[in-house]
**Q** 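Let me begin by handing over the structure; questions about it come next.
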Amino acid sequence: MMDLEKAKKYLKDYDQEQLLAFYDELDEAGREKLLSQIEAVDMSLLKLIGNKEEITARGKLEPIAAVTVKEIEKKGEVYKKKGLEAIRNKEVGAVLLAGGQGTRLGFDGPKGTLNIGETRELYIFECLINNLMKVTDEAGVTLPLYVMTSDKNNEETVRFFKEHDYFGYPESEIYFFMQDMAPSADYNGKLLLEEKDSLSLSPNGNGGWYASMAKTGILNDVKKRGIKWLNIFAVDNVLQQIADPMFIGAVIERDVVSGAKVVRKSGPDERVGVMCLEDGSPSIVEYYEMTEEMRTLKDADGELAYAFGVILNYLFRVDELDRIVNEKLMTHIVEKKIPYINEAGEHIKPESPNGYKFEMLILDMIHLVKNCLPYEVLRNREFAPIKNRTGVDSIDSAKALLKENGVVL
Ligand code: UTP
């Protein structure tokens with residue numbers, strides 16, 4: 001391991017000597033912890049800070065055709081049969097992304113443990129398990145659910161599931177694995193300390209989920225079971241349809257390696273990443289990367305050409321994931337509220353963003369896969385994300401949508 005002298009020199013090279021500010025006050029264990037974190041940190045991330053405004057050059061963008069709701073109405077039964085068959089053949093697993101910190105919500109605890117019930121307890125995790133069980137009840141078989149957590153919330157998440165008897169889902173079908181962490185920096189590019197003996201580390205985004213499955217060994221279970229498809233979804237959409245047989249069936253029927261659930265944009269200016277083709281390969285373009293012309297472009301039917309926003313629900317073929325797992329995803333720099341200790345050693349919990357975190361995003365995986373089928377779903381049936389306390393994508397809006405869909409709160 002790195003000793004103090006080495007660490008000093010190393011940090012001087014990167015202009016990060018503030019990380020040792022409290023070293024003298026630490027006991028032996030604290031010193032070791034700090035030095036090992038310094039050794040593990042990826043300093044190359046710091047280079048990204050200066051380039052924050054630089055948007056990666058895009059290839060040629062074109063609209064992509066989706067399976068629309070209209071088409072699904074016609075072929076839904078065929079898709080459903082195919083999807084159920086794959087589930088019954090034990091070819092499908094699900095991956096719940098629950099490693100995020102949900103800073104916008106500002107809830108103290110893993111987001112999935114939030115109770116949104118009114119007359120009873122109803123937790124976000126419970127909503128998701130209920131949705132999954134609708135499918136497994138119909139199929140007559142269960143499927144494995146892999147839950148990604150982080151060092152920040154793993155213990156609490158695991159305990160919560162256990163305390164609630166896994167909300168009725170078989171314990172033997174639920175697996176937890178942890179994602180990797182990344183450092184945080186202030187606006188001047190100085191890495192932050194969270195404690196005198198530890199760096200401010202936070203989950204490194206949802207893009208590394210498959211690599212983390214491999215690294216933690218959880219992928220062995222996927223392989224042992226002969227799982228061919230993984231359905232990945234976010235924790236915060238309480239109307240999330242998991243292992244949706246029609247979606248799975250459509251992807252299988254079209255003989256593609258992945259699919260993305262999408263909703264039609266509410267209008268040209270909705271701030272959502274949309275699916276498109278980039279140099280002929282599937283891709284997701286962020287709203288701020290789209291020109292006015294692209295945003296308003298119409299197709300032959302007079303509908304928006306770039307119309308389909310992603311909702312973080314994807315299906316991937318496992319052999320395709322294996323093919324791309326070692327490809328490097330770009331790192332995004334995001335401004336966040338980051339608790340830290342200041343020069344005086346005081347804990348500060350900022351009210352507004354005070355620095356950067358580094359994240360890899362799952363949407364960048366879409367450009368790596370051979371093909372991807374956008375699959376349209378109805379927003380008010382399948383999309384009720386809880387990102388904020390109030391307003392858009394909030395607890396309030398999600399509750400209203402749950403009620404609209406007959407869920408008793
Ligand atoms: P969000 O983009 O909403 O990020 O995550 P977040 O960090 O949880 O929330 P904010 O931005 O701080 O408010 C979308 C999904 O990806 C998961 C989240 O748990 C959520 O299901 N996620 C995000 C991870 O699993 N790991 C991460 O590092 C980040």
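When a ligand or atom number is given, it counts from 1 through the structure's own listing order.
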**Q** Show me, by chain and number, every protein residue that has a heavy-atom distance under 4.0 Å to ligand 1.
**A**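 For ligand 1, the contacting residues are L97, A98, G99, G100, Q101, G102, T103, R104, M148, Q179, P203, N204, G205, N206, A234, V235, D236, L312, K336, K387.
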**Q** Can you give each donor-acceptor pair under 3.5 Å made by side-chain atoms of residues 398-409, sequence neighbours left out, with the distance rounded to 0.1 Å?
**A**
unit_1, atom_1, unit_2, atom_2, d
K399, NZ, E118, OE2, 3.4
K403, NZ, E118, OE1, 3.2
E404, OE2, N380, ND2, 3.4
N405, OD1, R381, NH1, 2.9
N405, ND2, N380, O, 2.8
N405, ND2, L401, O, 2.9

**Q** Would you say the ring centroid of Y356 lies under 6.0 angstrom from that of Y187?
**A**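 Centroid separation for Y356 and Y187: below 6.0 Å.
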**Q** Check for me whether the distance between the ring centres of F161 and F125 falls short of 6.0 Å.
**A**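 Under 6.0 Å, so yes.
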**Q** Salt bridge check: are K370 and E320 linked by an N-O gap of less than 4.0 Å?
**A**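 Counted as a salt bridge, because a side-chain N and a carboxylate O are separated by less than 4.0 Å.
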**Q** Name the residue from Y175, F176, W209 that meets the side-chain contact (heavy atoms from CB on, under 4.5 Å) definition with Y146.
**A**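 When Y175, F176, W209 are each tested with Y146, the side-chain contact (heavy atoms from CB on, under 4.5 Å) holds only for Y175.
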**Q** One thing to verify: whether E25 and R31 come together as a salt bridge, which I'm taking to mean a side-chain N less than 4.0 angstrom from a carboxylate O.
**A**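 Salt bridge between R31 and E25, a charged N being under 4.0 Å from a carboxylate O: no.
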